2 protein chains.
Amino acid sequence: MRKRRDSLASVVAKDLAERIERGDYAVGDKIPIEAQLCEMFNVSRTVVREAIATLRSEGLVTSRHGVGVFVEERANPALSITKEAAGELSEVLELLELRLGVEVEAAGLAARRATEDDLRAIRDVFDKACDLDAFAEQPRELDYAFHLAIARASGNGWMAKFMDFIGPVIIPRSQLLHASQPEITRDYLRQMVDEHRRILDAIAAGDAVAAQEAMRMHLSTSLERYRKRLVES
Amino acid sequence: MRKRRDSLASVVAKDLAERIERGDYAVGDKIPIEAQLCEMFNVSRTVVREAIATLRSEGLVTSRHGVGVFVEERANPALSITKEAAGELSEVLELLELRLGVEVEAAGLAARRATEDDLRAIRDVFDKACDLDAFAEQPRELDYAFHLAIARASGNGWMAKFMDFIGPVIIPRSQLLHASQPEITRDYLRQMVDEHRRILDAIAAGDAVAAQEAMRMHLSTSLERYRKRLVES
DNA sequence: GCCTCATCAGTTGTCTGATGACTGCGCAAT
DNA sequence: ATTGCGCAGTCATCAGACAACTGATGAGGC
């Protein structure tokens, strides 16, 4: 008896969502009015209204005051990362590959389009990380900031958004891994700064191909590091 | 006077969401009970409940029957494309650039990892498009199917997901553009098939760099086509 | 005949009051 | 000290009413 497990409103919402998804009500159609839905599900109007509020917030329907509730075009494809998925190391690896593709392109675009301000922003972050002591304190954050600055410099809003999207997933997970296996050595940091420098120089020089190549190198090495850990675990 | 523009429930939901986002109520905290919220916003419980139903469906809070409503950990970063954004030609261009980065990488990975089945799937789609008559009938769909097959062959689930995510946005918009400016000539289709062939051959040969290069070429040309239209319009 | 506008029916939005159901806590009984 | 019970707080649901809005219809003026 798990009837009591889910609220009536959520049951109605799920049922309606399913019907819409299945095409019982076509896009643009008006779904039954509240009174009819009450009768269909044997619930009060409160419940129906809450269910519809849910669907509305999910973008499945829109309400028009005094007219009715209409099925909305399902045009909200979303790439979302659930906590479970981000927990798997293999998933993080795949995510890194995706990130590599985007960032290589971002570096290339940045080399072609970066403004003076963009360059200054990248250089600022880079300079901060040059101080190895500061870098050692929050390696993930500074590294991420560097990459984010480049994405912004690409002049492509979606790339910056993509980094915003992927950042919170990459950083904390990495910290977890880092905590269990703290192998960030001075040498590693120095190598990182070198790689960053190559990227920065290429972008500053406006050399798109070199920037792409440098970025690919940089991300490939960290990808390899993760891959090793996967094998080990 | 746009007070009547938004429903009270959505106003309350937005306000509460903002407070939560701002940290007025910390994660795990109980937010004020319904009665208090009614007083705060001078609305009825119906409105408050609908607002909370919205927040709940967005994952910002969870309700515990008989206890209270609690702020949930915000862990659902999502990259989503709204219709408004996808409508702008310039946005589509930026989206294409993002796609280029991902697909170049996907092509490279596919060259290294594609199984026999993967290759067969890609080849199947390619063969279909070789029949120029069939290709001419649904050029966007077949082109997209080809790219999707490659993303699948990359062995990276996120890349396939990314294509799923971006496909519905790219295809219909392209059709719109196409309808207003039907310049898909026989020559263009033939060129497309050639470009596809180069990609396919490189992947089949396991040559990652060549596959990347071919994919970059292919997408760059269509990117240029769109860019021209942007200038024209 | 055609246009304008008031009216009206239908529907969602909001309010109100009441009751049911669930949880956590304290208190009493053992 | 432990257990069981009841109570207060809170969310969930119900029922009914009125307000606000929309689209269509029809009457009236031109």
Side-chain angles (χ1 to χ4, degrees), chain A residues 1-20 24-73, chain B residues 1-20 24-73:
Chain A
M1 203 59 142
R2 64 178 47 181
K3 268 184 188 172
R4 299 276 165 273
R5 219 48 173 197
D6 291 328
S7 72
L8 279 182
S10 73
V11 171
V12 172
K14 266 194 200 97
D15 193 321
L16 279 177
E18 198 180 320
R19 291 185 195 212
I20 290 174
D24 285 11
Y25 309 119
V27 171
D29 273 12
K30 194 168 80 162
I31 69 176
I33 65 172
E34 291 176 353
Q36 282 175 305
L37 292 175
C38 292
E39 210 181 318
M40 283 171 57
F41 293 102
N42 269 79
V43 295
S44 72
R45 220 174 131 218
T46 310
V47 171
V48 167
R49 286 192 58 75
E50 250 177 76
I52 289 181
T54 299
L55 299 185
R56 194 171 34 226
S57 98
E58 287 169 1
L60 263 75
V61 301
T62 54
S63 304
R64 284 166 57 192
H65 191 172
V67 185
V69 178
F70 298 82
V71 176
E72 195 69 4
E73 193 172 4
Chain B
M1 199 64 142
R2 63 179 45 180
K3 266 184 189 170
R4 299 276 165 274
R5 219 51 174 192
D6 291 329
S7 74
L8 280 182
S10 73
V11 171
V12 172
K14 266 196 200 93
D15 194 320
L16 279 177
E18 197 180 320
R19 291 185 194 213
I20 290 174
D24 285 10
Y25 308 118
V27 171
D29 274 12
K30 194 168 84 162
I31 69 176
I33 65 171
E34 291 178 353
Q36 283 174 302
L37 291 175
C38 291
E39 209 182 317
M40 284 170 55
F41 292 102
N42 270 84
V43 296
S44 71
R45 278 210 325 288
T46 310
V47 172
V48 167
R49 286 193 57 75
E50 252 176 73
I52 290 181
T54 299
L55 299 184
R56 193 169 37 225
S57 95
E58 287 169 3
L60 263 75
V61 301
T62 53
S63 304
R64 284 166 56 192
H65 192 170
V67 185
V69 179
F70 298 83
V71 176
E72 196 70 2
E73 193 171 6

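Since the model is a prediction, treat every value here as computed from it, not as a measurement. Chain identifiers are assigned alphabetically (A, B, ...) following the order of the sequence lines, protein sequences preceding nucleic acid strands; residue numbering begins at 1 within each chain.
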Candidates [options] - which lies nearest the side chain of [X]:
| X | options | answer |
| --- | --- | --- |
| A/Arg56 | D/dC11, D/dT13, C/dG13 | C/dG13 |
| B/Arg64 | C/dT12, D/dT22, C/dG24 | C/dG24 |
| B/Ile33 | D/dT10, D/dC14, C/dT14 | D/dT10 |
| A/Ser7 | C/dT14, D/dA12, C/dT12 | D/dA12 |
| A/Thr46 | D/dA15, D/dC11, D/dG23 | D/dA15 |
| A/Val67 | C/dG24, C/dT12, D/dG23 | D/dG23 |

Between A/Arg56 and A/Ser63, the two heavy atoms sitting closest are NH1-OG, 2.6 Å
Considering all heavy atoms, the nearest B/Ala13-B/Leu55 contact: O-CD2, 3.6 Å
Rounded to the Å, how far apart are [X] [atom1] and [N] [atom2]?
| X | N | atom1 | atom2 | value |
| --- | --- | --- | --- | --- |
| B/Phe70 | C/dG24 | CZ | C1' | 11 Å |
| A/Leu8 | C/dT19 | CG | C1' | 15 Å |
| B/Glu34 | C/dA21 | CD | C1' | 14 Å |
| A/Glu50 | D/dT13 | CD | P | 7 Å |
| A/Glu39 | D/dC14 | CD | C1' | 16 Å |

Do any side-chain nitrogens or oxygens of [X] fall under 4.0 Å of OP1 or OP2 in [N]?
| X | N | result |
| --- | --- | --- |
| A/Lys30 | C/dG10 | no |
| A/Ser44 | D/dT13 | no |
| A/Arg49 | C/dT12 | no |

Is it the case that the base of C/dT14 and the side chain of A/Arg45 share a donor-acceptor contact (distance under 3.5 Å, atom types as modelled)? yes
I'd like to know if B/His65 reaches the base of D/dC11 with its side chain, counting only an N/O donor and acceptor under 3.5 Å. yes
How long is the span from the CG atom in B/Leu60 to the CG atom in B/Leu16, to the nearest 0.5 Å? 9.5 Å
Within 45° cone of A/Tyr25 ring axis and under 6.0 Å: A/Arg19 NZ or CZ: no
Presence of salt bridge, A/Arg45 and A/Glu50, under 4.0 angstrom: no
